[in-house]
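Report on one structure; see the data block that follows.
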Amino acid sequence: MSPASSSALKHPPVTAPSEPAGAPSDFPELGVAIDRARRRGRGAQSNASGRYEAEARVAFDDGWQSLEELPPFKTIVGVDTSRKVITRNDSPDIGFDRSINPYRGCEHGCVYCFARPTHAYLGLSPGLDFESKLFVKPEAPVLLEKELAASGYEPRMIAIGTNTDPYQPIEREHKIMRGILEVLERTGHPVGIVTKSALVTRDIDILARMARRNLAKVAISVTSLDPKLARTMEPRASTPPKRLEALKQLSDAGIPTTVMVAPVIPALNDTEIERILDAAAHAGVKEASYVLLRLPLEVRDLFREWLMANYPDRYRHVFTLIRDMRGGRDYDSKWGERMKGTGPMAWTIGRRFEIACDRLGLNKRRAKLTTDHFARPKQGGEQLSLF
């Protein structure tokens, strides 16, 4: 155990793409990567301490081969006892001001997930901890109904799935998302869902009824149609064919659907933009969007590790293009640019997306949700009206 002041263990320096890609020994973080057998089925390669921790913990073989006795990472679910479930934001470049996250952490294990750094707030690693140490909000439906009943509450669309996936595998057991939808349907409150899980089709019954009143829409992220790339990059998410089938089932049920080509990673999946849009359009999708790869905080190093472990021949090219689209940096969080990037390569990706959408008739009309049906739930002890 060493003081966190030796930051190389937690935040290793980035080797500039203009330099030789180098052997694994040139990457300090690969020296503390978790053994493959222990992290089988996971996305991150390592489990470095969070940025707020006073100490950095590193697995160290003291000569007794004790590392071989360490158990594999298993999914552990804790309870989040938050007293509120609606999170507010005032970001000027996203289309909602409130959201709900039924879970903290995400078992899908997508290596590029921009939400990984939030696990540092819990004293946990944005690496393997993020996808194996999860927290569920069992009281979310009750808390939601209470917040919607507040006298000063003004309804606007609630976004769900903007941080971690509400339909990740543990939702099969806990059914928090279904409970939330039941509250939203009962109160006539609009909701927009983002997921990459086919489990969303379980709730087609509720979503279809809400959609008939313009209260629901669903976006599914399809990152790649290549099963090998998808499994390596998103190890526990639904396969690409299952996501496309989910889009078809939702569309057939009359639920407005959007395909998200997200994230677009240059020199890795950017060549698939047109194919993904074409497949989604044939599934009945009417809307589409895309987001450029984002590498905030610890995500940068986690993505670097993954890229070196799985596609070392592309490392230099990928990061050269990323920096070309981020003003020479690995990431630029500037409002209005963080989702799409800047520069010739970013413009080309955007133009290709627009041309493909025009050809396929996507985004000609956008589904609009309404708050006209909202009926504030009665608070406990509140007297009912006689009329």
Side-chain angles (χ1 to χ4, degrees), residues 91-96 112 114 157 159 161-162 190 192-196 198 200 207 211 214 216-226 229-230 233-234 238-294 318 321-322 324-327 332 334-370:
S91 302
D93 58 351
I94 55 179
F96 58 89
Y112 54 74
F114 68 86
M157 185 196 76
T162 57
I193 299 170
V194 178
T195 182
K196 54 171 59 73
V200 66
L207 292 170
N214 296 321
K217 59 183 179 180
V218 178
I220 294 183
S221 171
V222 181
T223 315
S224 173
L225 298 180
D226 180 345
L229 175 59
M233 191 162 53
E234 309 160 335
S238 296
T239 63
K242 285 189 176 294
R243 295 185 220 180
L244 291 171
E245 177 58 28
L247 284 168
K248 185 177 188 308
Q249 291 184 36
L250 292 165
S251 297
D252 289 347
I255 301 164
T257 54
T258 298
V259 62
M260 297 181 64
V261 187
V264 174
I265 306 174
L268 201 62
N269 73 340
D270 62 310
T271 58
E272 297 189 68
I273 292 174
E274 290 83 0
R275 290 178 55 219
I276 292 172
L277 292 175
D278 186 68
H282 279 82
V285 171
K286 300 301 182 185
E287 298 181 31
S289 66
Y290 79 95
V291 178
L292 192 65
L293 175 70
R294 298 167 58 188
V318 169
L321 294 176
I322 287 174
D324 283 347
M325 294 187 286
R326 297 296 188 187
D332 185 356
K334 188 182 302 181
W335 304 124
E337 296 181 2
R338 56 179 181 161
M339 305 293 187
K340 307 299 183 185
T342 58
M345 182 65 178
W347 180 89
T348 300
I349 288 175
R351 187 65 185 133
R352 284 174 51 203
F353 178 85
E354 292 171 357
I355 291 173
C357 286
D358 286 343
R359 174 175 57 84
L360 296 167
L362 299 174
N363 295 333
K364 296 300 182 183
R365 295 181 61 186
R366 293 189 177 275
K368 293 184 178 180
L369 304 185
T370 182

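All values reported here derive from a predicted model rather than from experimental measurement.
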To the nearest 0.5 Å, atom CD of Glu274 lies from atom CG of Leu360 at 9.5 Å
Evaluate the side-chain contact (heavy atoms from CB on, under 4.5 Å) criterion for residues Leu362 and Glu287: first the C-alpha distance (whole Å), next the side-chain angles of each, then the deciding distance (0.1 Å), finally the verdict.
-> CA-CA 5 Å; Leu362 299 174; Glu287 298 181 31; over 6 Å; no
Using a strict 4.0 Å threshold on nitrogen-to-oxygen distance, state whether Glu234 and Arg243 make a salt bridge.
-> yes
When every non-hydrogen atom of Lys242 is compared with those of Ser238, the smallest separation belongs to CB-CB, 4.2 Å
Run the numbers on Leu250 and Ile220 for side-chain contact (heavy atoms from CB on, under 4.5 Å), then give the verdict.
-> CA-CA 10 Å; Leu250 292 165; Ile220 294 183; 3.9 Å; yes
Apply side-chain contact (heavy atoms from CB on, under 4.5 Å) to the pair Arg326 and Arg294, showing each step before the final yes or no.
-> CA-CA 10 Å; Arg326 297 296 188 187; Arg294 298 167 58 188; 3.8 Å; yes
If you look only at distance, which donor and acceptor atoms sit under 3.5 Å apart when one is on a side chain in residues 277-286 and the other is two or more places apart or in another chain?
unit_1 : atom_1 : unit_2 : atom_2 : d
His282 : ND1    : Asp278 : O      : 2.8

Listed by chain and number, what are the side chain to side chain contact (heavy atoms under 4.5 Å, CB included) partners of Ile94, not counting sequence neighbours?
-> Asn89, Ser91, Phe96, Arg338, Met339
So which pairs with a foot in residues 256-280 pass ring-ring contact (aromatic ring centres under 6.0 Å, His included), sequence neighbours left out?
-> none
Just jot down the ring pair (Phe, Tyr, Trp, His ring centres under 6.0 Å) partners of Phe353, sequence neighbours excluded, or say none.
-> Tyr290
Atom CG in Leu292, atom CD in Glu337: separation rounded to 0.5 Å?
-> 11.5 Å
Check whether any side-chain heavy atom of Met325 lies under 4.5 Å from a side-chain heavy atom of Thr342, and answer yes or no.
-> no
How many angstroms lie between atom CD1 of Ile349 and atom NZ of Lys340, to the nearest 0.5 angstrom?
-> 10.5 Å
How far apart are the closest heavy atoms of Ala246 and Ala198, and which atoms are they?
-> CB-CA, 4.1 Å
List the steps, then state whether salt bridge (charged side-chain N to carboxylate O under 4.0 Å, His left out) holds for Glu354 with Arg351.
-> CA-CA 5 Å; Glu354 292 171 357; Arg351 187 65 185 133; 3.3 Å; yes
Output a table of donor-acceptor pairs, distance under 3.5 Å, between side-chain atoms of residues 253-273 and any protein atom two or more places apart or on a different chain; print 'none' if there are none.
unit_1 : atom_1 : unit_2 : atom_2 : d
Thr257 : OG1    : Ser251 : OG     : 2.8
Asn269 : OD1    : Ile265 : N      : 2.5
Asn269 : ND2    : Thr223 : O      : 2.8
Asn269 : ND2    : Pro263 : O      : 3.0
Asp270 : OD1    : Ala267 : N      : 2.8
Glu272 : OE1    : Ser224 : OG     : 3.3
Glu272 : OE1    : Leu225 : N      : 2.7
Glu272 : OE2    : Ser224 : OG     : 2.6

For residues 250-259, which residue pairs qualify under salt bridge (charged side-chain N to carboxylate O under 4.0 Å, His left out), counting only residues two or more places apart or in two chains?
-> Lys248-Asp252
The reported gap from CG in Asp358 to CG in Asn363 (rounded to nearest 0.5 angstrom) is 8.5 Å
Could you check if a side-chain atom of Lys368 sits within less than 4.5 angstrom of a side-chain atom of Met157, using non-hydrogen atoms only?
-> no
